[in-house]
Amino acid sequence: MGNVKLKNIAKTYDGKVDVISDASFEIRDGEFVVLVGPSGCGKSTLLRMIAGLEDITRGDLYIDDKRVNDLPPKDRNIAMVFQNYALYPHMTAYQNMAFGLKLKKVRKSEIEKRVNNAAEILEIKELLQRKPKAMSGGQRQRIAIGRAIVRNPEVFLFDEPLSNLDAKLRVQMRVELQRLHRRLTTTMIYVTHDQTEAMTLGDRIVVLKDGDIMQIGTPMELYNEPDNMFVAGFIGSPPINFIEGEIKNSTDLVFVNEKLNINIGLSRIANKGISKYANKRIAMGIRPENISARPSNENNYQKVSILISAIEQMGNEMLIYTQLDDKQLTARLSPDISIKSGDMMDIYLDVDKMHFFDPETKEVII
């Protein structure tokens with residue numbers, strides 16, 4: 001079993017600075033959970049408290065239903081993979097992977113079996129007699145992961161393990177980590193500031209900001225049903241477009257500003273509390289991929305004429321940019337559209353995919 005439960009966990013430095021204010025959630029046995037957020041949000045501190053490398057100021061931490069607040073790291077049956085690999089430069093890969101087991105006085109035959117098994121899983125057998133200086137960054141990271149695997153932990157902790165790798169290798173390592181999780185079926189807790197890593201790796205994602213948990217959910221729950229503007233803006237690349245306007249209530253609800261006049265539709269009233277915002281400011285969010293040049297169903301789209309200020313041709317897609325009021329609007333379009341910067345064109349906003357937020361509280365309107 002490798003379930004982890006955090007109950008009202010807090011971390012305060014010098015009695016003044018709250019790094020983590022009140023974290024409560026449970027990670028199920030065998031689950032891959034990602035802690036994500038911008039630099040300084042407290043995600044690595046939270047991971048280090050689970051590992052036992054940081055003291056817990058308040059709250060309770062349970063691993064397998066056992067309170068471990070005062071348990072030293074070596075007794076928690078966890079293994080941690082660090083951002084900088086933390087390999088001993090004078091040791092071979094085999095020696096690095098075996099070192100922790102030797103300290104525990106595991107039999108030599110058992111050490112050899114575990115190291116060779118981990119090397120086979122990670123496809124690094126040919127690296128076992130090399131020292132770290134003779135390896136690439138990706139190879140060093142595999143050795144660091146192998147060192148964690150040989151311990152047979154109940155919980156793996158990863159602290160931004162791919163941040164030192166180039167873009168192509170990061171993609172490759174993400175795939176390998178997914179395969180590793182499926183093969184080991186062990187609980188994994190992974191810290192990153194990269195929302196793409198979070199979306200592609202996590203069974204569930206914990207989004208943090210300034211030491212507070214903003215939302216917990218599956219990747220698609222966070223993408224399709226964000227609780228607030230921070231989550232909506234953090235999840236998704238390119239990020240969601242936010243446009244402020246006012247709700248008008250005539251025969252129907254209409255979102256208006258200087259350039260937009262969007263009929264929200266009666267269907268919105270049943271599941272959105274937008275009607276109480278009549279004649280008030282509101283923030284609308286729409287993702288670049290929910291804007292089209294050729295809508296398939298005109299009834300669900302709002303046409304807007306725009307002046308294209310910039311274009312990014314990505315090969316498999318095209319990003320176009322324009323200005324609405326003082327906000328930049330980004331649209332993700334098919335690359336086969338013949339347009340250039342300075343052109344006027346019509347784009348279509350998918351009304352059914354819009355999100356609406358209170359501009360003061362930043363919370364989603366429900």
Side-chain angles (χ1 to χ4, degrees), residues 1-83 86 100 104 148-149 151-161 181 184-193 197-198 201-219 221-222 226-228 230-231 234 363:
M1 295 289 288
N3 63 300
V4 179
K5 184 185 293 184
L6 292 83
K7 189 174 180 181
N8 306 116
I9 293 290
K11 178 65 178 179
T12 303
Y13 288 112
D14 300 326
K16 300 176 182 177
V17 181
D18 279 342
V19 180
I20 298 292
S21 54
D22 186 6
S24 296
F25 59 93
E26 184 171 359
I27 300 166
R28 297 182 287 271
D29 181 41
E31 194 174 22
F32 198 131
V33 168
V34 180
L35 310 180
V36 69
S39 297
C41 70
K43 54 190 184 294
S44 289
T45 300
L46 198 54
L47 193 76
R48 289 173 65 84
M49 285 194 287
I50 295 172
L53 302 177
E54 290 276 0
D55 293 332
I56 296 171
T57 306
R58 296 186 305 278
D60 299 295
L61 174 66
Y62 298 88
I63 298 178
D64 287 342
D65 299 322
K66 178 181 179 182
R67 188 178 183 275
V68 298
N69 288 47
D70 303 316
L71 206 63
K74 65 182 179 65
D75 296 328
R76 296 191 182 195
N77 200 14
I78 53 93
M80 191 162 180
V81 179
F82 296 91
Q83 178 180 351
K104 289 189 172 184
I149 290 174
R151 296 184 56 188
N152 294 333
E154 292 182 350
V155 182
F156 284 95
L157 307 179
F158 295 89
D159 190 5
E160 305 211 41
H181 181 242
L184 299 178
T185 64
T186 307
T187 305
M188 294 186 176
I189 308 173
Y190 187 103
V191 160
T192 181
H193 64 274
E197 277 184 26
L201 287 172
D203 297 325
R204 285 190 302 148
I205 301 171
V206 180
V207 184
L208 293 113
K209 178 191 177 189
D210 299 331
D212 294 318
I213 295 175
M214 305 304 288
Q215 188 173 351
I216 302 173
T218 67
E221 284 172 347
L222 299 183
D227 284 350
N228 49 66
F230 178 81
V231 173
F234 193 83
E363 298 295 313

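In what follows, every heavy atom counts, from backbone to side chain, and hydrogens, waters and symmetry copies are set aside.
Proximity of Asn77 to Asp64: side-chain heavy atoms (C-beta onward) are nowhere separated by under 4.5 Å. You'll find the side chain of Thr45 reaches within 4.5 Å of the side chain of Tyr13, heavy atoms only. Looking at Asn3 and Glu26, their side chains come closer than 4.5 Å, going by heavy atoms from C-beta outward. The side-chain heavy atoms of Lys74 and Lys104, taken from C-beta on, include no pair separated by under 4.5 Å. Between Met49 and Leu61, the closest side-chain pair of non-hydrogen atoms is not below 4.5 Å. In this structure, Ile149 and Phe156 have side chains that are in contact, with non-hydrogen atoms separated by less than 4.5 Å. A heavy-atom distance below 4.5 Å is found between the side chains of Phe234 and Pro38. Using a 4.5 Å heavy-atom cutoff, the side chains of Ile20 and Leu208 are in contact.
How far CZ of Arg67 is from CG of Asp65: 14.0 Å, rounded to the nearest 0.5 Å. Once rounded to the nearest 0.5 Å, the distance linking CG of Asp210 with CZ of Phe230 reads 7.5 Å. Interatomic distance, CG of Leu157 versus CG of Leu46, reported as 10.5 Å (0.5 Å rounding). Residue Asp29 holds its CG atom at 8.0 Å from OG1 of Thr185, rounded to the nearest 0.5 Å. To the nearest 0.5 Å, atoms CD1 (Ile78) and CZ (Arg151) are separated by 6.0 Å. Distance check: Ile56 CD1 to Lys11 NZ gives 9.0 Å after rounding to the nearest 0.5 Å.
Shown here for Val19 and Gly42, the closest heavy-atom pair between the two residues is CG1-CA, 4.0 Å. Of all heavy-atom pairs between Pro153 and Thr186, the closest is O-CG2, 3.5 Å. Across all non-hydrogen atoms, the minimal contact from Leu6 to Ile9 is CB-CG1, 3.7 Å. Considering all non-hydrogen atoms of both residues, Pro219 and Asp203 come closest at CD-O, 3.5 Å. Contact between Arg28 and Thr187 at its shortest, heavy atoms only, is O-OG1, 3.7 Å. The nearest pair of heavy atoms linking Val155 to Gly2 is CG2-O, 3.8 Å.
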side-chain contact (heavy atoms from CB on, under 4.5 Å) between Arg204 and Glu221, intermediate numbers included: CA-CA 9 Å; Arg204 285 190 302 148; Glu221 284 172 347; 6.0 Å; no
Trace of the side-chain contact (heavy atoms from CB on, under 4.5 Å) decision for Val34 with Glu197: CA-CA 9 Å; Val34 180; Glu197 277 184 26; over 6 Å; no
Test log, rule side-chain contact (heavy atoms from CB on, under 4.5 Å), inputs Lys43 and Val206: CA-CA 9 Å; Lys43 54 190 184 294; Val206 180; over 6 Å; no
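A donor-acceptor pair under 3.5 Å is formed between the side chain of Arg76 and the backbone N or O of Ile50. Here the side chain of Asp60 pairs no donor or acceptor atom with the backbone of Lys5 at under 3.5 angstrom. Side chain of Ser24 to main chain of Lys7: no donor-acceptor pair is present (N/O by atom type, distance under 3.5 Å, no hydrogens or angles).
Ring-plane geometry between Tyr190 and Phe32 is classed as tilted, the angle between the planes lying from 30 to 60 degrees on a 0 to 90 degree scale.
Of the candidates Val191, Leu53, Asp55, Arg48 forms a side chain to side chain contact (heavy atoms under 4.5 Å, CB included) with just one, namely Leu53.
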